[in-house]
**Q** 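This is the structure I want to talk about, given as structure tokens.
Values reported hereafter were calculated over all heavy atoms of this structure, with side chains retained and with hydrogens, waters and symmetry mates removed. Since the model is a prediction, treat every value here as computed from it, not as a measurement.
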Amino acid sequence: LSVLRSLMPDSYIQRGDQASIIGGAINFVKELEQKLHFLGSKKEEVKSDDVGEGSNKSFSEFFSFPQYSTSGGNSASVIGEKVGEIADIEVTMVESHANLKIRSKKRPKQLLKMVSGLHNMHLTILHLNVTTTCEIVLYSLSVKVEDDCKLGSVDDIAAAVYQMLNRIQQETMLN
């Protein structure tokens, strides 16, 4: 465990107990995989010289089982419904910790509004990673679900994040 701990940045380990070290290692490996995939997609993008198409697919392989995901063109599928393209969202949870992956179009002050919105949902951000390419941004967050949080499942969290991003998009369009 001490060797494993020494291989990771301090920001991945909240406490020195075994569960925190292992959980931090899992998050660190996931982020490294994300960076590896991103660099691989960037390499393919440079090879193909097709920036528009490459940016649309850049992060698609990061999602294993997204609760919300874009399907083909300019629409998203939300449990069978067609809605405007807001974001791809995947939430996984272990006990009181959740990992969120969000892919969306870049919007002004989006990160600030997301951090504030997550705080208001009683989700404490433990780690945040932002990766961008062209007009697309991927947020990878590790959050602690606080005791007073009313979101009890991955679907509840994904739906709340989706609604928050929908509000951010609408505010951007009004301004």
**Q** Does K106 reach the main-chain N or O of T133 with its side chain, forming a donor-acceptor pair under 3.5 Å?
**A**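 Pair absent, no side-chain N/O of K106 close to backbone of T133.
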**Q** Considering all heavy atoms of both residues, which atom of L141 and which atom of M114 are nearest to each other, and what is their separation?
**A**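 Smallest heavy-atom distance, with atoms named: CD1-CE, 4.4 Å.
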**Q** Which heavy atom of M121 sits nearest to which heavy atom of L151, and what is that distance?
**A**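 Looks like SD-CD1, 3.9 Å.
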**Q** Under a 4.5 Å cut-off applied to non-hydrogen side-chain atoms, are K30 and N99 in contact?
**A**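 In contact.
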**Q** Indicate yes or no: at least one non-hydrogen side-chain atom of V145 is less than 4.5 angstrom from one of L123.
**A**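 The answer is yes, as the side chains (C-beta and beyond) meet within the 4.5 Å cut-off.
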**Q** Any side-chain heavy atom of L36 within less than 4.5 Å of one from L32?
**A**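 No. Closest side-chain heavy atoms not under 4.5 Å.
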**Q** Can you tell me how far NE2 of H127 sits from NE2 of H97, rounded to the nearest 0.5 angstrom?
**A**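 Here the interatomic distance stands at 13.0 Å.
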**Q** Between S104 and Q110, which heavy-atom pair has the shortest distance, and what is it?
**A**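 For S104 and Q110, the tightest heavy-atom pair comes out as OG-NE2, 3.0 Å.
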**Q** Could you tell me whether the side chain of S116 and the main chain of L112 form a donor-acceptor pair under 3.5 Å?
**A**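 A pair under 3.5 Å: no.
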**Q** Is any side-chain heavy atom of L165 closer than 4.5 Å to a side-chain heavy atom of I89?
**A**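 With C-beta onward as the side chain, the pair touches.
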**Q** Which atoms form the tightest heavy-atom contact between L7 and F28, and what is the distance?
**A**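 Distance-wise, the nearest heavy atoms are O-CE2, 3.7 Å.
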**Q** Charged N to carboxylate O below 4.0 Å: is that the case for K113 and E171?
**A**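 Here K113 pairs with E171 in a salt bridge, since their nearest N and O are under 4.0 Å apart.
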**Q** With the side chain counted from C-beta on, respond yes when I157 and D155 share a heavy-atom pair under 4.5 Å apart, and no when they do not.
**A**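 The answer is no; the side chains never approach within 4.5 Å.
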**Q** How about S140 and E31: does a side-chain donor come under 3.5 Å of a side-chain acceptor?
**A**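 The answer is no; no qualifying pair exists.
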**Q** Is the shortest side-chain heavy-atom distance between H119 and T124 below 4.5 Å?
**A**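 They are not in contact (no side-chain heavy atoms under 4.5 Å apart), so the answer is no.
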**Q** Quick check: do I102 and L138 have side-chain heavy atoms less than 4.5 Å from each other?
**A**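 No, too far: nothing below the 4.5 Å cut-off.
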**Q** To the nearest 0.5 Å, how far apart are CZ in R5 and OG in S20?
**A**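 If I round to the nearest 0.5 Å, the distance is 8.5 Å.
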**Q** Between atom OH of Y139 and atom CD1 of I125, what is the distance when rounded to the nearest 0.5 Å?
**A**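 The CD1 atom of I125 is 11.0 Å from OH of Y139, to the nearest 0.5 Å.
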**Q** Within a strict 4.5 Å, meaning less than it, do heavy atoms of the V143 and L100 side chains meet?
**A**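 Side-chain contact under 4.5 Å: yes.
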**Q** Could you tell me whether the side chain of S153 and the main chain of D156 form a donor-acceptor pair under 3.5 Å?
**A**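 Yes; judged by distance alone, with no hydrogens or angles, the pair exists.
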**Q** For residues R107 and I86, report the shortest heavy-atom separation together with the two atoms involved.
**A**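 Minimum heavy-atom contact is NH1-O, 4.0 Å.
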**Q** Who passes side-chain hydrogen bond (donor to acceptor under 3.5 Å, both in side chains) against Q163, sequence neighbours left out?
**A**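 side-chain hydrogen bond (donor to acceptor under 3.5 Å, both in side chains) list for Q163, sorted by chain: empty.
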**Q** Say you draw a straight line from CG of N27 to CD1 of I22; how long is it, rounded to the nearest 0.5 Å?
**A**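 Output value for this atom pair is 12.5 Å.
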**Q** Does V91 belong to the same Ile/Leu/Val/Met/Phe/Trp/Tyr cluster as L126, with side-chain heavy atoms less than 4.5 Å apart forming each link?
**A**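 Different clusters: V91 never reaches L126 through Ile, Leu, Val, Met, Phe, Trp or Tyr contacts under 4.5 Å.
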**Q** Spell out, yes or no, whether L1 and I26 are grouped together once hydrophobic residues are joined by side-chain heavy atoms under 4.5 Å, including indirect joins.
**A**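 Linked within one cluster.
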**Q** Does a sphere of radius 6.0 Å around CG in D147 hold more than 12 heavy atoms from other residues, nucleotides or ligands, not counting ones at 6.0 Å or beyond?
**A**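 Counting other residues, nucleotides and ligands, CG of D147 stays at 12 neighbours or fewer.
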